[in-house]
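Okay, so here's the structure we're looking at.
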Amino acid sequence: MPSFPKPKIPDAVVPPPLRKPAKPGSGGTPRGQAPSDLKEAPERKTHGDKLLDQAKDAPIDALGWVDQRLAASGFLTGMLFRKVPKGTNWFYTLGSATLFAFIVQATTGVFLAMFYTPSATQAYSSIAHINNEVPLGQFVHGMHKWGSSVMVILIFLHMGRTFFFGAYKYPRELNWVIGVVLLILTMTMAFTGYLLPFDQRSFWASIVGININGTGPVVGPYLSDFLRAGPELGATTLSRFYAIHMLLVPGAIIALIGAHMYLVVKLGTTAPPWVKAQRPKVASPLAQLDAGGNSNGRVNGHRVDGAPVDGEGNGSL
Ligand code: HEM
């Protein structure tokens, strides 16, 4: 940016030198003069500098504009700075790790879908094309393939954590049920994805999987018929598995993860079982009601009416 010489400021526009204000109670006569360098032009910003400043502020301004309309910052602050119970440890990261594995699967899946052809005659060769010719294709395919096992392992570990910490109990039963559905959907993703390369291994493994489903009580035979999409495993099965893997289940998983996270934030997480809940100050909620209740109306981290305290880590139940 070329810098131009600063123009001389005419005397008329420069204000008379400021005098030091008088000390309070000293009669009001100002003593001494302010340094008379005020004629020196204060550093003026060039048009380029102003534009640069505006550009620096633009992201903040844009975020402010969006926030004024969404009022999201209050919610985000409440969510990110919510209290967590004492004793929270590394086991509590398993849910977020599962979420991360899902995001990796969704991202790598989008790139694979750009090159994959869901046809019985071309599926295998499109996967070979991804592995051998597409730049980073083998890497992305490998991430997706191994990532599916990682997600299945993590989801089981996370479920184990919530089970052994008693997090399925009141008031989190609904979140447990949502979790069970998420587990079934994750297994469905792994199962339907396995057929997509349409090689010998995936073909025969899917036949075994479909037959196992067929042995289920009552709905088993209907389920295996639905999955096979015809008398034999073939092109129609591949299309059906592709639609389930690409459209139906990911949409359901995203919606349910949203509900799962909402409940985690709303109800808070459960303290580990070895962390003792604080003793109530009075013997029982009823006694507390008789005594007029304490200042926050809570016993043992819960409101006396039994409702959980919003977003607060409130000890195991
Ligand atoms: C896509 C699958 C899943 C994702 C992304 C996910 C994510 C999370 C996250 C981030 C949390 C909060 C942090 C934590 O406690 O780890 C959480 C909590 C919880 N999850 Fe999951 N979860 C999934 C599957 C499951 C499954 C399969 C179950 C059980 C069947 C389950 C039951 C719960 C429960 C009960 C809580 C509350 C924990 C507490 O209060 O301490 N989740 N989940």
Side-chain angles (χ1 to χ4, degrees), residues 75-110 143-194 244-278 298 300-303 306-317:
F75 166 76
L76 284 176
T77 316
M79 192 188 83
L80 295 173
F81 294 92
R82 67 187 192 278
K83 288 182 187 168
V84 292
K86 258 191 191 165
T88 298
N89 55 37
W90 282 97
F91 290 116
Y92 287 75
T93 58
L94 289 167
S96 311
T98 315
L99 179 61
F100 181 72
F102 174 71
I103 293 170
V104 170
Q105 288 306 96
T107 313
T108 49
V110 167
M143 275 182 83
H144 197 74
K145 186 176 159 181
W146 289 101
S148 74
S149 302
V150 170
M151 185 171 169
V152 169
I153 292 169
L154 284 172
I155 201 172
F156 273 105
L157 291 176
H158 170 59
M159 186 173 71
R161 196 292 279 171
T162 52
F163 178 74
F164 287 114
F165 283 31
Y168 55 86
K169 296 178 193 169
Y170 175 84
R172 300 183 181 84
E173 301 95 322
L174 184 61
N175 220 13
W176 173 266
V177 173
I178 292 176
V180 171
V181 180
L182 278 170
L183 178 72
I184 295 169
L185 293 179
T186 304
M187 301 304 284
T188 310
M189 284 299 273
F191 180 57
T192 50
Y194 202 83
I244 295 173
H245 189 81
M246 292 284 296
L247 298 169
L248 186 67
V249 180
I253 289 185
I254 290 170
L256 285 174
I257 287 182
H260 200 63
M261 293 297 90
Y262 171 76
L263 285 178
V264 166
V265 173
K266 179 96 182 132
L267 302 174
T269 43
T270 314
W274 55 86
V275 172
K276 288 241 159 47
Q278 262 185 346
R298 291 168 195 183
N300 216 2
H302 297 273
R303 291 216 307 261
V309 180
D310 267 12
E312 189 171 305
N314 42 24
S316 62
L317 293 165

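The basis for the numbers below is simple: all heavy atoms, side chains too, and nothing from hydrogens, waters or symmetry mates. If you read the sequence from its start, that first residue is 1, and numbering goes on from there. Note that ligands are numbered from 1 as they come in the structure, with each ligand's atoms numbered from 1 the same way.
Residue Tyr92 approaches ligand 1 through these ligand atoms, each under 4.0 Å from one of its heavy atoms: 13 (C), 14 (C), 16 (O). Set against the non-hydrogen atoms of Leu183, the atoms of ligand 1 under 4.0 Å away are 27 (C). The atoms of ligand 1 that sit less than 4.0 Å from any heavy atom of Leu99 are 5 (C). The distance from ligand 1 to the heavy atoms of Val180 drops below 4.0 Å at these ligand atoms: 30 (C).
Of the protein's non-hydrogen atoms, the one nearest atom 2 (C) of ligand 1 is Ile155 CD1, 3.5 Å. Among all protein heavy atoms, the one lying closest to atom 9 (C) of ligand 1 is Met261 CE, 3.2 Å. Regarding atom 41 (O) of ligand 1, its nearest protein heavy-atom neighbour is Thr270 N, 2.9 Å. When hydrogens are left out, the protein atom nearest atom 35 (C) of ligand 1 is Ala167 O, 3.7 Å; that is the closest non-hydrogen contact.
Across all non-hydrogen atoms, the minimal contact from Pro272 to Gly87 is CG-O, 3.2 Å. The minimum heavy-atom distance linking Phe163 with Tyr168 is given by the pair O-CE2, 3.2 Å.
Between Ile253 and Pro250, the closest side-chain pair of non-hydrogen atoms is not below 4.5 Å. At a threshold of 4.5 Å between non-hydrogen side-chain atoms, the residues His158 and Phe91 do not count as touching. Counting heavy atoms from C-beta on, the side chains of Val264 and Arg82 come closer than 4.5 Å.
Thr186 pairs in a side chain to side chain contact (heavy atoms under 4.5 Å, CB included) with only one of the listed residues (Val249, Ile155, Val181), which is Ile155.
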Item to complete: Take Phe102 and Ile254 through the test side-chain contact (heavy atoms from CB on, under 4.5 Å) and record every step on the way to the result.
Response: CA-CA 9 Å; Phe102 174 71; Ile254 290 170; 3.8 Å; yes
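Of the candidates Met187, Arg172, Arg161, Arg161 brings a heavy atom nearest to atom 38 (C) of ligand 1.
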Pairs under 3.5 angstrom only: tabulate donor-acceptor contacts from the side chains of residues 143-151 to other protein residues two or more places apart or in another chain.
residue, atom, partner, partner atom, Å
His144, ND1, Gln105, O, 3.3
His144, ND1, Thr108, OG1, 2.9
Ser148, OG, Lys145, O, 2.8

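Here the side chain of Arg172 pairs a donor or acceptor atom with the backbone of Leu267 at under 3.5 angstrom.
Listed by chain and number, the protein N, O or S atoms at a distance under 2.8 Å from atom 21 (Fe) of ligand 1 are His158 NE2, His260 NE2.
Ligand 1 has no nitrogen or oxygen under 3.5 angstrom from a nitrogen or oxygen of Ser96.
Heavy atoms of Phe102 come nearer than 4.0 angstrom to ligand 1 in no pair at all.
Counting only residues at least two apart or in different chains, ring-ring contact (aromatic ring centres under 6.0 Å, His included) contacts with residues 245-271 are absent. Contacts classified as side-chain hydrogen bond (donor to acceptor under 3.5 Å, both in side chains) and involving residues 85-94 (residues at least two apart or in different chains) are not found.
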